[in-house]
Amino acid sequence: MLIRPGFVQSGSNMAPLKTMKRTMAAFALALALALAAGLPLASIGQAQQKQLSIGTGDPGGVYFPLGGAVASVLAKALPDLHATVEVTGGSVDNIRLIAAGQSDLGFTMADAAMDAMQGQEKFKNNKVPLQALLVVYPNRMHVVTLEGSGIETLTDLKGKHVSTGSPGSATEIMASRAIEVIGFDKDKDMQRERLGVVESVNALTDKRIDAFFWVGGIPTAAIATLATTPGVRMKLINHADIVDKMNEKYGKLYSKSRIKAGTYPGTRTDSDVAEVWNLIVTGNRMSDEDAYKIAKTLVEKKDDIVKVHKEAESFSLDNQVQDRSPVPFHPGALKYFKEKGVGG
């Protein structure tokens, strides 16, 4: 497995990650995770290996460690593949990298993938042909603040300093939709920041923002760190009541979910939240044979991926149903699912 910087979204342009420091930190994290899980690292530079680039996300989230585990599992099971892991801004950037031919696979939330296929929102007038290799796990929307902030519901965000996620992330898409359906303008009714999860945690701790949105798997490492910070009492805001309105406006993409008490240290009550499924997608260049091998490997070797993050428990056949993905399954992946009695 090789870790390399991908791209983060800056305005309308794709820009390299700003510093070598972040790249080296990301590499160290993925290396430690892979070694702790007992996963082998692929050798670099073998002459006849196919190159496979995987777009992930912020090192403080879940896409990144899962992407590292996926790369290591594929390297062990498919020695003809040499996987590299891209540190990116998240779903939107991963899809753009696929469209540009700079990545072969990418993690994405279902809503961002639908926008890409339809040429809407951040992909306006630029449709991206995508195919799903695997429905992976549900992302929960976290709305995070601190005790004493005066924020109890989404409507209390009015007039506050709020981060809605980094540019190039599907967090920003889902947060913007949540804000819209409660009747707010994200740029007029609050003082908005656009920070990744690690930056949001730091800003909240330093009281430079009052709350932030994050859409990710549970537990998310950066939020777990916030929950254990001395002198900080983290609070998650309930918002499952907006799911029906979001689905009415944007299509049946979202569902009600719950982050159970104790998921993050010190949380004493359940939080009712919105969720959306994640996918691993590719473009229209991957062969049926490669798609078949990759889907088969990720399902059958999921126990190795679970060693890195428990969300990989959802890398299972019973989740491979088209209702959970607005993106059609790749014919190669679909062939494997049907052999196992799953219709796709």
Side-chain angles (χ1 to χ4, degrees), residues 39 50 52 54-56 62-63 66-67 69-78 80-81 83 91 94-95 98 103-118 128-140 170 216-218 247 251-258 274-344:
L39 300 177
K50 293 181 181 178
L52 186 78
I54 305 170
T56 60
V62 175
Y63 283 177
L66 274 181
V70 164
S72 292
V73 163
L74 291 176
K76 180 179 179 181
L78 307 173
D80 59 325
L81 292 180
S91 298
N94 292 342
I95 293 170
I98 288 171
S103 281
D104 303 290
L105 303 179
F107 286 80
T108 180
M109 283 161 46
D111 49 3
M114 177 181 276
D115 285 348
M117 293 192 66
Q118 295 178 347
V128 181
L130 296 175
Q131 300 178 91
L133 290 183
L134 207 67
V135 176
V136 284
Y137 66 95
N139 261 0
R140 284 79 165 188
I218 55 174
N247 284 337
K252 193 171 173 53
L253 291 165
Y254 306 105
S255 54
K256 297 178 182 181
S257 186
R258 179 166 289 170
E275 75 175 16
V276 62
W277 281 87
N278 288 295
L279 317 170
I280 295 178
V281 297
T282 188
N284 57 4
R285 303 177 182 90
M286 182 171 287
S287 71
D288 289 1
E289 180 183 5
D290 286 343
Y292 177 94
K293 289 179 179 179
I294 291 169
K296 174 181 169 67
T297 300
L298 296 184
V299 170
E300 297 183 2
K301 301 294 183 181
K302 78 168 188 174
D303 288 349
D304 289 336
I305 306 173
V306 170
K307 294 174 184 177
V308 171
H309 201 287
K310 70 175 187 177
E311 289 286 20
E313 289 284 4
S314 295
F315 285 37
S316 57
L317 283 168
D318 56 358
N319 284 327
Q320 308 315 311
V321 290
Q322 198 66 72
D323 285 350
R324 288 186 170 166
S325 171
V327 178
F329 283 112
H330 192 294
L334 199 57
K335 177 184 176 184
Y336 170 66
F337 302 149
K338 287 182 176 179
E339 285 179 0
K340 293 297 182 179
V342 178

*Asks:* To the nearest 0.5 Å, tell me how far Lys293 NZ sits from Glu289 CD.
*Replies:* 4.0 Å

*Asks:* Would Val136 and Ser314 count as a side chain to side chain contact (heavy atoms under 4.5 Å, CB included) here? Give the steps.
*Replies:* CA-CA 6 Å; Val136 284; Ser314 295; over 6 Å; no

*Asks:* Find the distance between CE (Met109) and CD1 (Ile95) and round it off to the nearest 0.5 Å.
*Replies:* 10.0 Å

*Asks:* Roughly how far, to the nearest 0.5 Å, is CG of Asn139 from CD of Glu311?
*Replies:* 7.5 Å

*Asks:* Can you check side chain to side chain donor-acceptor pair (under 3.5 Å) on Glu275 and Ser255, steps first, answer last?
*Replies:* CA-CA 5 Å; Glu275 75 175 16; Ser255 54; 3.1 Å; yes

*Asks:* Identify the two heavy atoms, one from Pro328 and one from Met117, that lie closest to each other, and give their separation to 0.1 Å.
*Replies:* CD-CE, 3.6 Å

*Asks:* Flag yes if more than 12 heavy atoms outside Lys301 fall under 6.0 Å of its NZ atom; otherwise flag no.
*Replies:* no

*Asks:* Hey, does the side chain of Gln322 reach the backbone of Val327 with a donor-acceptor pair shorter than 3.5 angstrom?
*Replies:* yes

*Asks:* Would you name the heavy atoms of Ala170 and Asp111 that are closest together and state the gap between them?
*Replies:* CB-OD1, 4.3 Å

*Asks:* Might you point out which heavy atoms bring Ala132 and Ala333 nearest each other, and give the distance in Å?
*Replies:* O-CB, 4.2 Å

*Asks:* I need the Leu317 CG to Tyr336 OH distance, nearest 0.5 Å.
*Replies:* 5.0 Å

*Asks:* Can you give me the closest heavy-atom contact between Pro326 and Leu279, atom names plus distance?
*Replies:* CD-CD1, 4.3 Å

*Asks:* Quick check: closest heavy atoms across Arg324 and Asp318, and the distance to 0.1 Å?
*Replies:* NH1-O, 4.4 Å

*Asks:* Please walk me through it: do Tyr137 and Asn319 pass side chain to side chain contact (heavy atoms under 4.5 Å, CB included)?
*Replies:* CA-CA 8 Å; Tyr137 66 95; Asn319 284 327; over 6 Å; no

*Asks:* Determine, step by step, whether Ile305 and Val70 satisfy the side chain to side chain contact (heavy atoms under 4.5 Å, CB included) criterion, reporting the C-alpha distance in whole Å, the side-chain angles of both residues, the deciding distance to 0.1 Å, and the verdict.
*Replies:* CA-CA 7 Å; Ile305 306 173; Val70 164; 4.2 Å; yes

*Asks:* Roughly how far, to the nearest 0.5 Å, is CG of Leu52 from CG of Leu105?
*Replies:* 4.5 Å

*Asks:* Tell me whether Asp104 is salt-bridged to Lys50, with the criterion being a basic N under 4.0 Å from an acidic carboxylate O.
*Replies:* no

*Asks:* How about Val299 and Lys340: do any of their side-chain heavy atoms sit closer than 4.5 Å?
*Replies:* no

*Asks:* Under the side chain to side chain contact (heavy atoms under 4.5 Å, CB included) criterion, do Val62 and Phe107 qualify, and how do the steps go?
*Replies:* CA-CA 10 Å; Val62 175; Phe107 286 80; over 6 Å; no

*Asks:* Phe315 versus Val306: any side-chain heavy-atom pair under 4.5 Å?
*Replies:* no

*Asks:* Is the shortest heavy-atom distance from the side chain of Leu74 to the side chain of Ile294 under 4.5 Å?
*Replies:* yes

*Asks:* Using 0.5 Å steps for rounding, measure from the NE2 atom of His330 to the CG atom of Asp288.
*Replies:* 5.5 Å

